[in-house]
Amino acid sequence: MVGGECATVIAPPTIPRSLVSQDAGAALDLAAALATDAYEGPGKAVFFSDITLWLDKQGQAWADAGIDYEAVIDELIEAPVPQLMLTLTQKAHAVLCDASRKGLRIHYTNGEVEHVTSQLRRNVHDGIAESLEQDWPPYIQDLIDRGAIQTR
């Protein structure tokens, strides 16, 4: 599959809650909690679909947590906080967006069907985390060097 899909990356612990709504702050807190969950946590890279699946496993949904999912995503994309855009393959993007318990099935034009296993999902997480470990520090340093953000 060819690239062209994108994802916006933010770092929840670095976002002052005063810059976002209560709903967005709650979503960021859920992401931070899931990132550190020893049993369910996907590691450093947490997708919104991970949170959706995590809530679902607890018999909840975003609305049960009092969060308007679509509004929060729109808000965070527009928030005045450091964000990095990643270009992903269509397959990686589909995996990133999948919140199903049984795993996504990808149907190819040649008739092949691929079941997205938990291992493939882990591989996508690991790939994104590795990319962020490489790209995030120079991105933030550039913002600091240009005076776009300040450190204390």
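FYI, side chains are in, hydrogens and waters are out, and symmetry mates aren't considered; it's all heavy atoms of this structure.
Partners of Lys102 according to the side chain to side chain contact (heavy atoms under 4.5 Å, CB included) rule, which considers only residues two or more places apart in sequence or in another chain, do not exist here. Not counting sequence neighbours, Trp54 has no partner by the ring pair (Phe, Tyr, Trp, His ring centres under 6.0 Å) test. His125 meets the ring pair (Phe, Tyr, Trp, His ring centres under 6.0 Å) test with Phe47; sequence neighbours excluded. Residues that satisfy the side chain to side chain contact (heavy atoms under 4.5 Å, CB included) test with Asp64, not counting sequence neighbours, are Gln60, Ala61.
In plain terms, the two heavy atoms of Ile67 and Ala26 that are nearest each other are CD1-CB, 3.8 Å. Pro80 approaches Leu19 most closely through the heavy-atom pair O-CD1, 4.2 Å. When all heavy atoms are compared, the tightest approach of Pro12 to Ile10 is CD-O, 3.4 Å. Summarising the geometry of Pro82 relative to Ile149, their closest heavy-atom pair is CG-CG2, 4.3 Å, with the distance given to 0.1 Å. Between Pro16 and Thr14, the shortest heavy-atom distance links the atoms CD-O, 3.3 Å. Residues Leu34 and Pro42 share a closest heavy-atom pair of CG-CD, 3.7 Å.
Sorted by first and then second residue, the pairs that involve residues 13-37 and meet salt bridge (Lys or Arg N to Asp or Glu O under 4.0 Å), not counting sequence neighbours, are Arg17-Asp29. Residue pairs that meet the side chain to side chain donor-acceptor pair (under 3.5 Å) test with at least one member in residues 70-84, sequence neighbours left out, are Ser21-Glu75.
Taking a cutoff of 4.0 Å between a charged side-chain nitrogen and a carboxylate oxygen, Glu114 and Arg105 do not qualify as a salt bridge.
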Inset, instruction - Step by step, work out the side chain to side chain contact (heavy atoms under 4.5 Å, CB included) result for Ile128 and Leu96. - result: CA-CA 10 Å; Ile128 290 174; Leu96 179 139; 3.9 Å; yes
